[in-house]
Amino acid sequence: MPASSDLPLTDRIRRAAGETMGGLPRQFWWLWTSTLINKLGGFVVPFLSLYLTTSRGYPPSYAGLVAALFGLGSSISAVGAGVLTDRIGRRPTLVAAQLGTALFTAVLGFTDGQVAIAVVVFLVGLCNNATRPATSAIIADIVPPEDRVRAYSLNYWAINIGFGLSAAAAGLIATHGYLTLFLLDALSTLICAVVIFIRIPETRPAEPVGRPDEPRIGLGTVFRDTRFMTVVALNLLLALVAQQGSTTLAVDMGLAGITSVQYGLVIGLNGLLIVLLQIPLTRWMEGRDRTALLVASALFIGWGFGLTALAGSSAWFYAFTVAVWTIGEILNAPTMMGLIAELSPTHARGRYQGVYSLSWSLASFLGPAVGGVLLEWVGSTAVWGSCAVCGTVAAAGYAVLGRRPGAAAAAAVPGRRNGTTAVGGPADTGPEPASASASASASTGS
């Protein structure tokens, strides 16, 4: 077989696509398709703060409070849905969450009054985030360990294909009224639930897999897993920063005179860059030092948002800052989601995924509230400067974690091309070959 460098460009692209997308089970691709459909209609969350401040005329502090209530609902459902994912199954948890999200998103479009809006947004957050543990557990159930980083990367890719297209389209649709955004979002989520119900079988192990004398893993066991919880804490710092992208950033751009169309195009750049760069960068990351990737991603995310303080009223500069933190997001997300799957024992994947998702949910609760208050009372410089500080602290934390003997952060990113795996962490107690790690992080993409 000729070397890749000797092949024509079209053949090299075809070979790379085959290596990236081949060999994954059919159920994964149905899950991928449902995710894409859902995110193609994911209009509401990115535009919620802009809707509340520009269309409804509420102050930034109220928009931050509402976004925080969305995060509170997400925080409650993160752990609860993780337990349900392990107890009643992946598919029923996922379908129920999607049906609830579709219902309350549609209701939100017709809701009026500050208290009523806040309550419905809380319910949307409660249902919306309940899909995360089940989705991640399904991928871990059906994809072999050596292919999980690639599978999570492809799923994250689908999220951002949908997000990039929907964000750009939503800005145009919003000029004719926001109700259409709410209804289309609800419809896409409903279609997603139907696809999951028809095409995705239950993947939960019939009974706990492991040694007969092995104790059952409860939530207390997860919270006492020191290395895992260290990872969750570091991820929380980055998640606090990342949450500003869909809440405080929208308000700041609106105050700077950026229109909804411009905001949609700028924030849509995040998804576009991920669509273009996620797959080639994931292939490039295979076999590279995990600590270096984590440190770099934290600095890109933190300082990318930090540069927003210099944007003024320039949509182009806002776009530049989005490009910077998007690079950090691309470096961070797929590897970390794969590592969380490796950290999670087979019969406790829902609980581990739920606790990990809790870091994002807490950030979506705390981040918008803090960001909104800082923006209104201190100014945008304080918001974006704090983001740079959080990114720097997270980078330092990853560097320290990577220097610990046997820490997974110091290992290479696993992949099929080089056969490397992480070392030094807890083994998966399921039937798969044990892979170990001690650090993880992921974007939202949700």
Side-chain angles (χ1 to χ4, degrees), residues 25 27-39 42 45 70-105 122-143 148 151-152 155-156 158-159 185-186 188-209 216-219 221-222 337 340-341 343-362 364 430 442 444-446:
Q27 296 97 322
F28 169 80
W29 289 111
W30 280 114
L31 185 65
W32 188 93
T33 300
S34 70
T35 298
L36 178 63
I37 293 171
N38 192 15
K39 296 307 175 182
V45 174
F70 179 92
L72 178 60
S74 298
S75 300
I76 295 172
S77 66
V79 177
V83 173
L84 290 176
T85 295
D86 287 334
R87 287 188 175 178
I88 69 173
R90 281 61 158 141
R91 187 173 72 162
T93 301
L94 185 54
V95 170
Q98 289 167 339
L99 291 176
T101 302
L103 172 63
F104 292 120
T105 299
F122 169 80
L123 294 173
V124 172
L126 190 70
C127 295
N128 182 72
N129 197 55
T131 63
R132 284 190 177 186
T135 300
S136 298
I138 289 174
I139 295 176
D141 289 339
I142 64 178
V143 177
R148 284 180 190 153
Y152 281 113
N155 191 65
Y156 187 63
I159 290 172
D185 195 327
S188 71
T189 307
L190 180 61
I191 293 173
C192 183
V194 172
V195 171
I196 294 295
F197 181 77
I198 294 175
R199 291 295 183 178
I200 304 295
E202 179 55 57
T203 64
R204 178 173 63 103
E207 58 185 47
V209 179
R216 295 184 61 86
I217 297 178
L219 281 175
T221 309
V222 181
M337 288 187 284
I340 288 295
L343 280 168
S344 309
T346 300
H347 56 285
R349 281 176 178 150
R351 290 173 172 84
Y352 269 76
Q353 294 287 352
V355 172
Y356 172 67
S357 178
L358 182 62
S359 64
W360 287 101
S361 302
L362 287 175
S364 65
T444 133
S446 65

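Numbering of residues begins at 1 and proceeds along the displayed sequence.
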Practice item. Please lay out, stage by stage, how Leu99 and Leu103 fare under the test side chain to side chain contact (heavy atoms under 4.5 Å, CB included). Key: CA-CA 6 Å; Leu99 291 176; Leu103 172 63; over 6 Å; no
Practice item. List the atom of Cys192, the atom of Ser34, and the distance in Å for their closest heavy-atom pair. Key: SG-O, 3.2 Å
Check your understanding: Is Arg90 reaching over with its side chain to a backbone N or O of Thr85, donor-acceptor style, under 3.5 angstrom?
Key -> yes
Check your understanding: Taking C-beta and beyond as the side chain, do Asn128 and Phe70 meet within less than 4.5 Å on heavy atoms?
Key -> yes
Exercise for review: Taking salt bridge (charged side-chain N to carboxylate O under 4.0 Å, His left out) as the test, write out the residues that go with Asp185, two or more places apart.
Suggested key: none
Exercise for review: State whether the side chain of Asp86 and the backbone N or O of Arg351 hold a donor-acceptor pair below 3.5 Å, judged by distance alone.
Suggested key: yes
Exercise for review: List the atom of Ala158, the atom of Lys39, and the distance in Å for their closest heavy-atom pair.
Suggested key: O-CB, 4.5 Å
Practice item. Go through the structure and list residues passing side chain to side chain donor-acceptor pair (under 3.5 Å) with Thr93, not counting sequence neighbours. Key: none
Review point. When rounded to the nearest 0.5 angstrom, what is the spacing between CZ in Phe28 and OG1 in Thr35?
Key: 8.0 Å
Practice item. State, yes or no, whether a side-chain contact exists between Leu31 and Ile142 at a heavy-atom distance under 4.5 Å. Key: no
Check your understanding: What heavy-atom pair brings Ala130 and Ser77 nearest, and what distance separates the two atoms?
Key -> N-OG, 3.6 Å
Practice item. Please name the pair of heavy atoms, one in Cys127 and one in Ala97, separated by the smallest distance, quoted to 0.1 Å. Key: O-CB, 3.5 Å
Review point. With no hydrogens and no angle check, is any side-chain donor or acceptor of Thr135 less than 3.5 Å from a backbone partner on Arg132?
Key: no
Point to revise | OG1-CD1 distance between Thr33 and Ile191, expressed to the nearest 0.5 angstrom | key: 12.5 Å
Practice item. List the atom of Gly125, the atom of Ser74, and the distance in Å for their closest heavy-atom pair. Key: O-OG, 3.4 Å
Check your understanding: Any donor-acceptor pair under 3.5 Å linking the side chain of Thr189 with the backbone of Ala102?
Key -> no
**Study point:** Non-neighbouring partners of Ser75 that pass side chain to side chain donor-acceptor pair (under 3.5 Å), sequence neighbours left out
**Key:** none
Exercise for review: Starting at CD1 of Ile196, measure out to CD1 of Ile138 and round the result to the nearest 0.5 Å.
Suggested key: 6.0 Å
Check your understanding: Going through the checks in order, is the side chain to side chain contact (heavy atoms under 4.5 Å, CB included) test met by Val143 and Tyr152?
Key -> CA-CA 10 Å; Val143 177; Tyr152 281 113; over 6 Å; no
Review point. Is it true that atom CZ of Phe197 has more than 12 heavy atoms of other residues, nucleotides or ligands lying nearer than 6.0 Å?
Key: no
Study note, to complete from the structure: Distance col, row Trp30:CH2 vs Ile198:CD1, nearest 0.5 angstrom, shows 9.0 Å
Review point. Counting only N and O atoms by type, is there a donor-acceptor contact under 3.5 Å from the side chain of Arg148 to the main-chain atoms of Ala140?
Key: yes
Check your understanding: Can you tell me if Arg91 uses its side chain to pair, donor with acceptor, with the backbone of Thr203 under 3.5 Å?
Key -> no
**Study point:** Thr101/Asn38 under side chain to side chain contact (heavy atoms under 4.5 Å, CB included): CA gap, chis, key distance, verdict
**Key:** CA-CA 11 Å; Thr101 302; Asn38 192 15; over 6 Å; no
Review point. What's the shortest heavy-atom distance between Gln27 and Pro201, and which atoms?
Key: CG-CD, 3.7 Å
